[in-house]
Amino acid sequence: MPSDAPLALAEPVLTRPAPPAAVAAPLRIALLSYRSTPTVGGQGVFVAEAARALARRGHHVDVISGPPYPRLDPAVRLIQLPSLDLYAQPHNGHFALRARHFRSLTDLAEYFGHLAGLFMEPFTFGRRVATYLAAHGADYDVALDNQCLNYGLLDIEAGGLPVVEIIHHPIRRDLELALAAEPRLSRRLLLRHWYSFLNMNEAVAPKLKRVLTVSTSSRDDIIACLGAQPAAIRIVPLGVDQACFHPRPENQRHPARLLTTASADVPLKGLPVLIEAFALLRPQHPDLELRVIGKLRDGPTKDRIAALGLAGHVTFVSGLTNEQVGEEYGAATICVSPSLYEGFGLPAVEAMACASPVVVTDGGSLPEVVGEAGVIVPRGDAAALAAAIDALLRDPARRARLGEAAARHAATHYTWDIFAAHCETALAEAARGC
């Protein structure tokens with residue numbers, strides 16, 4: 001029978017790195033992430049880049065992750081904490097239960113919660129990682145958790161290992177925008193049910209002693225949505241990989257190509273607004289094309305593209321390497337971030353680092369991140385977005401000036417070494433008990 005006794009975990013799989021560079025006082029950092037492949041989005045990119053940047057500064061970094069697992073620099077060790085990984089199973093994991101799972105309350109919670117339409121991974125990862133660190137916490141000076149906000153973090157800290165939490169933005173904003181975009185009551189109820197893990201997030205956040213976030217906008221929202229203590233929060237902007245995202249003066253930019261990075265039917269990302277703006281632009285710019293880094297699935301966006309007669313003018317590409325994404329930015333006429341909300345806006349910064357002129361909305365942190373190096377329009381306003389793009393399409397000299405300003409701004413403010421330098425200060429203070 002299952003019990004509340006410490007969980008019996010499968011032995012973690014260790015990927016041994018080369019020895020890190022010697023420094024005067026390296027930190028032993030456990031970087032926690034419940035799912036970490038770059039294909040899950042910006043947070044997966046963050047795990048790999050933050051770990052690499054901290055390791056380059058001489059720290060010993062272990063990424064402790066549930067599946068799907070990250071691709072890490074050789075200087076970083078990966079500790080795999082297996083889960084049921086139900087979203088990757090056939091039939092959405094509904095037939096994944098086995099007799100061995102009845103020996104673990106955590107496995108049962110993951111399976112039956114998933115069956116009931118709940119998102120269980122943050123909760124169950126928290127239990128697994130707290131159990132692992134109860135046995136191995138002495139191997140580390142500090143834990144850096146990536147946005148999981150689970151009850152296990154409180155157990156880890158109670159066990160003596162200080163925790164620094166990074167919150168990119170409060171997920172409550174995602175739910176609000178998803179509800180606003182969904183007219184069907186049944187779907188709205190399902191959304192609230194799936195997002196019920198926010199209750200855990202909002203119970204844990206006020207108890208955290210040390211929180212990093214990526215922008216002033218996110219800090220304000222974390223205080224408002226999560227009840228985090230203002231004095232606990234420190235702003236540390238993210239970076240981009242300048243080896244992949246950099247100006248390519250030898251490349252010829254396409255004369256009439258808009259580029260965006262967006263999930264097709266995630267309301268937060270604002271792609272439907274850009275589709276409407278693109279339709280408004282086509283009569284004046286018949287050669288204009290829209291290229292989307294992302295996947296197009298059956299749904300409202302695909303239907304709207306077809307209804308507007310744009311199917312032959314909008315292309316989706318996915319599965320690209322960072323270098324290939326950088327080449328896409330470098331070939332675009334204008335890069336657009338139509339998001340209704342962003343805690344940081346990594347694609348906009350990647351485009352800026354490639355010297356691309358950018359048009360962004362005033363959603364969340366985007367005006368703060370872009371500053372004077374881009375064009376800012378009201379979020380959700382297709383006509384304003386079309387007007388801003390039209391003005392830039394007609395003014396090549398202004399596009400060139402904006403691209404140069406964007407590259408300077410990104411190189412000055414948004415590198416992973418800058419992030420790591422600030423992050424290590426917070427981690428060192430936590431390790432000393434400050």
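Numbering of residues begins at 1 and proceeds along the displayed sequence. Note: hydrogens, waters and symmetry copies are ignored here, and every other heavy atom, side chains too, is used.
Exactly one of His168, Lys269, His169 qualifies for a side-chain hydrogen bond (donor to acceptor under 3.5 Å, both in side chains) with Glu342. That residue is Lys269. For the side-chain contact (heavy atoms from CB on, under 4.5 Å) test with Glu276, the passing option among Asp381, Leu271, Leu308 is Leu308; the others fail.
Looking at Val358 and Leu402, their side chains never come closer than 4.5 Å, going by heavy atoms from C-beta outward. Between Val317 and Val292 there is no side-chain heavy-atom pair separated by less than 4.5 Å. In this structure, Pro347 and Tyr329 have side chains that are in contact, with non-hydrogen atoms separated by less than 4.5 Å. Two residues are said to be in side-chain contact when any heavy atoms from C-beta on lie closer than 4.5 Å; Leu161 and Ile156 meet this criterion. The side-chain heavy atoms of Asp145 and Val129, taken from C-beta on, include no pair separated by under 4.5 Å. Annotation: side chain of Ile293 is not in contact with side chain of Thr260 (no heavy-atom distance under 4.5 Å). The shortest distance between side-chain heavy atoms of Asn150 and Tyr34 does not fall below 4.5 Å. Contact of the Ile167 side chain with the Leu212 side chain is not registered, since no non-hydrogen atoms from C-beta on lie closer than 4.5 Å.
Considering every non-hydrogen atom in both Ala384 and Pro378, the closest pair reads CB-CD, 3.9 Å. Residues Phe278 and Leu258 share a closest heavy-atom pair of CD1-CD1, 4.2 Å. For the residue pair Ala353 and Val240, the shortest heavy atom distance occurs at CB-CG2, 3.9 Å. When all heavy atoms are compared, the tightest approach of Ile389 to Ile334 is O-CD1, 3.9 Å. Scanning all heavy atoms of the two residues, the minimum distance from Ser215 to Gly343 falls at OG-O, 2.8 Å. Heavy atoms only, all atoms of each residue included: Leu31 and Ala50 are closest at CD1-CB, 4.5 Å.
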- request: For side-chain contact (heavy atoms from CB on, under 4.5 Å), just list the numbers for Lys302 and Arg297, CA-CA rounded to whole Å, side-chain angles, deciding distance to a tenth of an Å, and then say yes or no.
  value: CA-CA 7 Å; Lys302 184 176 182 180; Arg297 298 180 173 89; over 6 Å; no
message: Go through it in stages, so that I can follow the logic: the residues are Val63 and Ile29, the test is side-chain contact (heavy atoms from CB on, under 4.5 Å), and I'd like the CA-CA distance, side-chain angles, deciding distance and then a yes or no.
response: CA-CA 8 Å; Val63 171; Ile29 302 166; over 6 Å; no
message: Between Val214 and Val236, does the side-chain contact (heavy atoms from CB on, under 4.5 Å) criterion hold? Intermediate values first, please.
response: CA-CA 5 Å; Val214 295; Val236 182; over 6 Å; no
query: Does the pair Ser36 and Ser65 meet the rule for a side chain to side chain donor-acceptor pair (under 3.5 Å), with working shown?
result: CA-CA 7 Å; Ser36 310; Ser65 174; 2.7 Å; yes
field: Ser339/Leu366 under side-chain contact (heavy atoms from CB on, under 4.5 Å): CA gap, chis, key distance, verdict
entry: CA-CA 9 Å; Ser339 297; Leu366 286 169; 4.2 Å; yes
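Side-chain N or O atoms of Thr425 include one that pairs as donor or acceptor with a backbone N or O of Ala421 at under 3.5 Å. Asp107 contributes no side-chain N or O that, together with a main-chain N or O of Ser104, makes up a donor-acceptor pair within less than 3.5 Å. Under the 3.5 Å distance criterion, the side-chain polar atoms of Asp73 are matched with a main-chain donor or acceptor of Ala75. A donor-acceptor pair under 3.5 Å is absent between the side-chain atoms of Asn146 and the main chain of Ser33, judged by distance alone. Judged by distance alone, the side chain of Asp141 and the main-chain N or O of Arg28 form a donor-acceptor pair under 3.5 Å. A donor-acceptor pair under 3.5 Å links the side-chain atoms of Tyr414 to the main chain of Val369, judged by distance alone. Checking side-chain atoms of His136 against main-chain N and O of Leu133 turns up no donor-acceptor pair under 3.5 Å. When atom types are taken as modelled, the side chain of Thr333 and the backbone of Arg257 share a donor-acceptor pair closer than 3.5 angstrom. The backbone N or O of Ala30 lies less than 3.5 Å from no partner atom in the side chain of His60, so there is not a single donor-acceptor pair. No donor-acceptor pair under 3.5 Å is formed between the side chain of Glu110 and the backbone N or O of Glu121.
Note: Cys148 SG to Ile166 CD1 = 13.5 Å, rounded to the nearest 0.5 Å. With values rounded to the nearest 0.5 angstrom, Leu290 atom CG is found 8.0 Å from Leu259 atom CG. To the nearest 0.5 angstrom, Phe119 atom CZ is 6.0 Å from Phe197 atom CZ. To the nearest 0.5 angstrom, Leu81 atom CG is 7.0 Å from Tyr69 atom OH. We find the OG-CZ distance between Ser356 and Phe245 to be 11.0 Å, quoted to the nearest 0.5 Å. Rounding to the nearest 0.5 angstrom, the gap separating the CG atom in Asp362 from the OG atom in Ser217 is 10.5 Å.
Under 3.5 Å, the side chains of Glu368 and Thr216 contain a donor-acceptor pair of N or O atoms. For the residue pair Thr106 and Arg127, a side-chain donor N or O sits within less than 3.5 Å of a side-chain acceptor on the partner. For the 3.5 Å distance criterion, the side chains of Asp174 and Tyr341 fail to qualify, holding no donor opposite an acceptor.
Proximity of the aromatic rings of Tyr111 and Phe102 is defined here by a centroid distance below 6.0 angstrom, and this criterion is not met. The aromatic ring centres of Phe344 and Phe46 sit 6.0 Å or more apart. Annotation: His114 is in aromatic contact with Tyr87 [ring centroid separation under 6.0 Å].
For Arg56 and Asp417, the salt-bridge test fails: no basic side-chain N is under 4.0 Å from an acidic carboxylate O. Salt-bridge check for Arg248 with Glu327: failed, with every basic side-chain N at 4.0 Å or more from each acidic carboxylate O. Looking at Arg210 and Glu429, no side-chain N of the basic residue comes within less than 4.0 Å of a carboxylate O on the acidic one, giving no salt bridge. Using a 4.0 Å cut-off between charged nitrogen and carboxylate oxygen, Arg172 and Asp221 do not count as a salt-bridge pair. Classification of Glu182 and Arg188 as a salt-bridged pair fails, no side-chain N sitting under 4.0 Å from a carboxylate O.
Heavy atoms from other residues, nucleotides or ligands lying under 6.0 Å from NE2 of His193 number more than 12.
In this structure, His409 and His413 have tilted ring planes: the angle between them lies in the 30° to 60° band.
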